[in-house]
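Structure, as structure tokens:
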Protein chains: 2
Amino acid sequence: MATKHVKEMEALKEHLGKHQLKLTRQRELILSAFLRQEHITAEAMYHQLAKSDPHLGLATIYRTLNLFCDAGLAQARHFGSQTKYDNVSHKGHHDHLICTGCEKIVEFENEEIERLQEEVATRHGFTIKTHRLELYGLCTRCRD
Amino acid sequence: MATKHVKEMEALKEHLGKHQLKLTRQRELILSAFLRQEHITAEAMYHQLAKSDPHLGLATIYRTLNLFCDAGLAQARHFGSQTKYDNVSHKGHHDHLICTGCEKIVEFENEEIERLQEEVATRHGFTIKTHRLELYGLCTRCRD
DNA sequence: ATTGAAATTGATAAACTGTCTCAAAATTAT
DNA sequence: ATAATTTTGAGACAGTTTATCAATTTCAAT
Ligand SMILES: [Mn+2]
Ligand SMILES: [Mn+2]
Ligand SMILES: [Zn+2]
Ligand SMILES: [Zn+2]
């Protein structure tokens, strides 16, 4: 465990240092759980961690996942009814294909689309900071 | 008022007819208000209509705007914290540029992007039903 | 190692948005 | 007009996330 997720841990520590925040047992725990999962919700992580740490509060998980967003490790996504926290620390930015049949999520990047987005923005005098592209449909399996 | 929004009124009536729903004073009122605004929230409309119709219930507005979505006149968007109802009756499908400085929203269409989306989906075995593309950034005015 | 200021936590209350309930009212077909 | 059916409005309720605050933990300075 000391060998895994070192880079992300460093990134977190750097953010903490810059904002006079502290490194706690909970933050380490939640980071480790976060990096082990994709597109996880705060509640899902709460129940998952409750098995080994029954007293970890839900509020702490929300706070910490939001902290990861501030630190640039995570990004909040609004697919279903609950916010999903997406790991963007090792992968860079990416967008999503979402199957409305089985909830499967496929990540993709397409720099041609990204380029055209810039073009559209420029044409309207905008400077893009972020964007969100989600394609909803049916995967192969669910189409049959 | 009899001359305006006739087409949308017809579309609504057609949907009502097909689903044994009734045409009420509230539905006419809310349709008219809806077509007068862009990207409006249920609450904003509630307060707006309260001036002339203090007893129009918030639930009725939510129900009716959702009805418009079913009828294909409206589309729910999730920009801010509240759902915005977007008029798609006369315009067709479109995506959005959103200024995080002044909340300005610019609509755009780009069939090249749409085509590339299809391509990405196909490559992953998906059949797209809908999609959502939102570009967040600063407009000309807010950049200075 | 101890101290103490500052940040964090966990439990829970509260906020917020949207839907559900249900009796009363309105609509539409007969 | 009558009656069957749908709709409405008021408020209760539900789901998700944030705020509150006393107790605990961290960490920098002794
Ligand atoms: Mn992702
Ligand atoms: Mn729009
Ligand atoms: Zn599927
Ligand atoms: Zn602006």
Side-chain angles (χ1 to χ4, degrees), chain A residues 9 12-34 39-71 74-86, chain B residues 9 12-34 39-71 74-86:
Chain A
M9 190 65 218
L12 176 58
K13 279 183 183 163
E14 189 180 325
H15 179 85
L16 295 177
K18 274 189 190 140
H19 296 80
Q20 57 207 85
L21 305 174
K22 293 172 177 176
L23 180 61
T24 63
R25 189 179 61 85
Q26 289 86 343
R27 285 174 177 168
E28 290 191 277
L29 255 164
I30 294 169
L31 178 62
S32 154
F34 170 67
H39 309 124
I40 196 168
T41 66
E43 282 224 316
M45 182 175 288
Y46 176 65
H47 289 117
Q48 185 181 301
L49 291 182
K51 294 168 194 162
S52 46
D53 251 79
H55 288 294
L56 224 167
L58 179 57
T60 300
I61 294 184
Y62 271 108
R63 280 187 294 234
T64 306
L65 289 173
N66 288 336
L67 168 70
F68 294 169
C69 290
D70 293 343
Q75 225 162 40
R77 311 275 189 194
H78 303 89
F79 299 155
S81 60
Q82 285 180 264
T83 301
K84 290 188 167 66
Y85 292 85
D86 196 353
Chain B
M9 191 64 218
L12 175 59
K13 278 183 183 163
E14 188 179 325
H15 178 85
L16 296 177
K18 274 190 191 141
H19 296 79
Q20 59 208 81
L21 304 176
K22 294 173 177 176
L23 180 61
T24 63
R25 189 179 62 84
Q26 288 87 341
R27 284 173 178 168
E28 290 191 279
L29 256 164
I30 295 169
L31 178 61
S32 153
F34 169 67
H39 310 122
I40 197 168
T41 66
E43 281 225 319
M45 183 176 288
Y46 176 64
H47 289 117
Q48 185 182 299
L49 291 183
K51 295 169 193 161
S52 46
D53 252 79
H55 288 295
L56 222 168
L58 179 57
T60 300
I61 294 184
Y62 271 108
R63 280 186 294 233
T64 305
L65 289 173
N66 288 336
L67 169 69
F68 294 169
C69 290
D70 294 343
Q75 224 161 43
R77 311 274 188 193
H78 303 88
F79 297 156
S81 59
Q82 285 180 264
T83 301
K84 291 188 167 65
Y85 292 85
D86 196 353

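Proteins come first, then strands; the chains are lettered A, B, ... in the order of their sequence lines, and each starts at number 1. Remember, it's a predicted structure, so these values are computed and weren't measured experimentally.
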How far does CD of A:Q48 sit from OG1 of A:T41, to the nearest 0.5 angstrom?
9.5 Å
Double-helix bend of the helix from C:dA1-D:dT30 to C:dT30-D:dA1, axes at both ends from 5 pairs, round to 10°, gives 30°
The side chain of B:T60 is closest to which nucleotide in this list: D:dT5, D:dG9, C:dA7?
D:dG9
Would you kindly check whether a donor in the side chain of B:K22 faces an acceptor in the base of C:dA26, or vice versa, at under 3.5 angstrom?
no
Using heavy atoms and a sub-4.0 Å distance, could you list which residues of residues 44-56 of chain B are near DNA chain D? By number, please.
B:H55, B:L56
Can you find a pair of side-chain heavy atoms, one from A:I30 and one from A:M45, that are under 4.5 Å apart?
yes
Given protein heavy atoms under 4.0 Å, the one-letter contact record of nucleotides 12-18 of chain D, with B base, S sugar-phosphate only and - none, is simply ----SSB
With sequence neighbours left out, write down each residue that passes salt bridge (charged side-chain N to carboxylate O under 4.0 Å, His left out) with B:R63, or none if nothing qualifies.
none
Got A:L21 and A:L67 here, is their nearest side-chain heavy-atom distance under 4.5 Å?
yes
Aromatic ring proximity, centroids under 6.0 angstrom, A:F34 and A:Y85:
no
For the residue pair A:F68 and A:L31, establish whether any side-chain heavy-atom pair is separated by less than 4.5 Å.
yes
Closest non-hydrogen contact found for B:A42 with B:L58 is O-CD1, 4.0 Å
Here the side chain to side chain donor-acceptor pair (under 3.5 Å) pairs for residues 19-31 of chain A, sequence neighbours left out, are A:R25-A:D53
What is the distance, rounded to the nearest whole Å, between atom CG of B:L21 and atom C1' of D:dT5?
11 Å
Out of A:R77, A:E43, A:H78, which one pairs with A:T83 under the side chain to side chain contact (heavy atoms under 4.5 Å, CB included) rule?
A:H78
Which residues, if any, of residues 23-32 of chain A bring a heavy atom under 4.0 Å of DNA chain D?
A:L23
